[in-house]
Amino acid sequence: MTDNTILDSLQRPMRDLRISVTDRCTFRCTYCMPKEVFGRDYVFLSRESLMSFEEITRLTRIFVGLGVRKVRLTGGEPTLRRDFEKLVEMLAGIEGLEDIAMTTNGSLLTLERAKALKAAGLSRATLSLDSLNEETFQSMNDVGFPAAKVLEAIANAEAAGLTPVKIDMVVKRGVNDHDIIDMARHFRATGHILRFIEYMDVGTTNGWRMEDMVSAKEILEILRQEWALEPADPNYFGEVAERYRYVDGQGEVGIIASVTRAFCGACTRARLSADGELYTCLFGVKGHDLRKLLRDGSTDEQIADAVRAIWGVRADRYSEIRSEDSIGLQKVEMSKIGG
Ligand code: SAM
């Protein structure tokens, strides 16, 4: 660990930075940006309120100076941001930053785009895909976007070398839990890593209910009816997915159990919203306005001091202390701070 790494009040280092580059999305996934809320009248962030690429790069450099080694670009849908490749290129020039990844729904990831992103310095891509069944998937994204097109985007990411490609599937009871086996069968032996995500109570608009969440335990039981799986060690400290290897050597799957097996104790993630608010937890209620500092003439050192102070008192462990009371909090939307 380098000397400049900052620790929070629970001794957790700041290692990862998730940056939302836009709050807009091409999908209206019912569990994330339900149409009833994010409809025609919804007011998205204005152009001026979004951080510019220069501002994002400056902040990232400051965060790297405080111990961050990995950046994940997300949203909303990150590829919606115009000249997104340019941002990747600017970030790739930051010394000490080891890894730049992206989470995308794939709707705009042509082969040309994937190659341009790779050339700009993107290392890896995670694509979200909740089902291979067209009816299920299209009703979940709620804009009728075909699963077949996301499969093309996955192939594009692979062809461009944005590997290992990870595929994230949010499992919602009665909606797509019957697709767990199909998804696993499809991605086994492809080299891609399928990860099942417990449906989480992020934000306030998705009407989350505990009974809609399919637990890691249940997901594993379903998989084990079909294949023998053995636990694998985490790749690094703080890895969010629990890894399981197919005993027959056909690859691995991951399970992100942020509801039933909270991993707050190893959470090294800071999150920036597209308008420059720093959140120290995915389930945060209040952000810290860094854009103001970027725009009021503060020096890098002053901004670094502000971040140090915020991280230094960080005590968030929402998932570990989730309760009936906390579920109703006015938490920030996933579309604002990304996954
Ligand atoms: N638009 C991009 C995408 O779809 O990958 C990036 C942003 S999206 C908010 C990031 C991830 O969060 C997606 O995989 C999405 O399925 C997941 N997500 C959104 N709401 C969720 C929830 N309530 N519980 C679990 N995962 C969720």
Side-chain angles (χ1 to χ4, degrees), residues 18-35 37-38 44 71-81 84 101-109 113 117 122 124-131 136-137 140-143 145 147 149-150 153-154 157 162 165-173 175-177 179 183 192-216 219 240-241 254-263 269 271-274 279 282-283 318-319 322 327 331-339:
R18 305 228 163 164
I19 308 173
S20 169
V21 297
T22 175
D23 60 339
R24 292 167 200 255
C25 193
T26 46
F27 287 4
R28 285 294 174 275
C29 298
T30 48
Y31 55 76
C32 186
M33 292 182 79
K35 261 184 188 162
V37 178
F38 296 89
F44 288 97
V71 161
R72 175 168 295 278
L73 299 167
T74 175
E77 175 46 44
T79 56
L80 262 180
R81 183 86 186 242
F84 178 56
M102 159 181 83
T103 305
T104 176
N105 61 28
S107 58
L108 302 169
L109 196 64
R113 198 89 194 275
L117 284 164
L122 190 73
R124 302 176 288 122
T126 298
L127 283 101
S128 305
L129 177 62
D130 295 329
S131 175
T136 308
F137 182 62
M140 283 182 88
N141 65 51
D142 215 8
V143 294
F145 195 86
K149 285 268 177 203
V150 182
I154 291 170
L162 296 170
V165 177
K166 292 182 183 162
I167 322 289
D168 281 358
M169 170 183 180
V170 177
V171 186
K172 201 171 168 191
R173 191 179 308 282
V175 177
N176 65 340
D177 47 346
D179 297 325
M183 285 282 286
H192 305 328
I193 303 171
L194 174 63
R195 308 184 314 167
F196 301 94
I197 307 182
E198 287 182 350
Y199 171 44
M200 298 182 283
D201 53 327
V202 271
T204 56
T205 58
N206 61 9
W208 187 87
R209 299 178 313 168
M210 184 66 97
E211 53 269 36
D212 294 333
M213 186 266 316
V214 181
S215 69
I219 294 170
V240 293
I255 302 189
I256 302 179
S258 86
V259 179
T260 62
R261 295 180 198 152
F263 37 81
R269 284 172 290 286
R271 299 167 187 273
L272 278 177
S273 65
Y279 285 84
L282 177 58
F283 301 95
Y318 177 88
S319 284
R322 178 182 282 107
I327 287 166
K331 299 178 297 282
V332 61
E333 291 299 318
M334 187 86 147
S335 54
K336 189 163 177 221
I337 55 168

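Indexing begins at 1, ligand by ligand and atom by atom, following the structure's order.
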>> I need the atoms of ligand 1 closer than 4.0 Å to a non-hydrogen atom of Val202, numbered in the order shown.
In response: 22 (C), 23 (N)

> Out of Gly203, Cys32, Ser128, whose heavy atom is nearest to atom 5 (O) of ligand 1?
Replying inline: Ser128

> Is the backbone N or O of Ile337 less than 3.5 Å from a side-chain atom of Arg271, with the two atoms forming a donor-acceptor pair by type?
Replying inline: no

>> Would you say Tyr31 and Asp212 are linked by a side-chain donor-acceptor pair, where the criterion is simply a distance under 3.5 Å?
In response: no

> Glu198 heavy atoms, cut-off 4.0 Å: which ligand 1 atoms fall inside?
Replying inline: 25 (C)

> Which ligand 1 atoms, with their elements, are less than 4.0 angstrom from a heavy-atom of Tyr199?
Replying inline: 23 (N), 24 (N)

> Please state which protein non-hydrogen atom is closest to atom 26 (N) of ligand 1 and give its distance, to 0.1 Å?
Replying inline: Val170 CG2, 3.3 Å

> What atoms in ligand 1 come closer than 4.0 Å to a heavy atom of Asn206?
Replying inline: 23 (N)

> Is there side-chain contact between Thr126 and Arg195, with heavy atoms separated by less than 4.5 Å?
Replying inline: yes

>> If we set the cut-off at 4.0 Å for heavy atoms, which region of Thr74 has an atom near ligand 1: side chain, backbone, both, or neither?
In response: side chain

> How far is atom 8 (S) of ligand 1 from its nearest protein heavy atom, and which residue and atom name does that atom have?
Replying inline: Gly75 O, 4.4 Å

> When you check the side-chain N and O atoms of Glu77 and Thr22, is any donor under 3.5 Å from an acceptor?
Replying inline: no

> Any idea which heavy atoms bring Leu162 and Leu122 closest together, and the distance?
Replying inline: CD2-O, 3.4 Å

> Sub-3.5 Å donor-acceptor pair from the side chain of Asn176 to the main-chain atoms of Ser131, do we have one?
Replying inline: no

> Closer than 4.0 angstrom: is that true for some heavy atom of Gly76 and an atom of ligand 1?
Replying inline: yes

>> Within the 4.0 Å heavy-atom shell around Asn105, which atoms of ligand 1 are there?
In response: 2 (C), 3 (C), 4 (O), 5 (O)

>> To check your reading of the model: name the closest protein heavy atom to atom 12 (O) of ligand 1, its residue, and the distance in Å.
In response: Met334 CE, 3.0 Å

> Would you say Met169 contacts ligand 1, with heavy atoms under 4.0 Å as the rule?
Replying inline: no

> Hey, which atoms in ligand 1 end up nearer than 4.0 Å to a heavy atom of Glu77?
Replying inline: 1 (N), 2 (C)

>> Distance alone, cut at 3.5 Å: any donor-acceptor contact between the side chains of Tyr199 and Asp177?
In response: no

>> Can you tell me how far apart CG (Asn105) and NZ (Lys149) are? Round to the nearest 0.5 Å.
In response: 13.0 Å

>> Among all the protein's non-hydrogen atoms, which is closest to atom 23 (N) of ligand 1, and how far away is it?
In response: Met200 O, 3.0 Å

> What is the nearest protein non-hydrogen atom to atom 16 (O) of ligand 1, stated with its residue, atom name and distance?
Replying inline: Tyr31 OH, 2.9 Å

> Is the closest side-chain donor-acceptor distance between Thr260 and Glu198 under 3.5 Å?
Replying inline: yes

> Do Val259 and Met210 pass the side-chain contact (heavy atoms from CB on, under 4.5 Å) test, and can you show the C-alpha distance, the side-chain angles, and the key distance before you say yes or no?
Replying inline: CA-CA 9 Å; Val259 179; Met210 184 66 97; 4.0 Å; yes

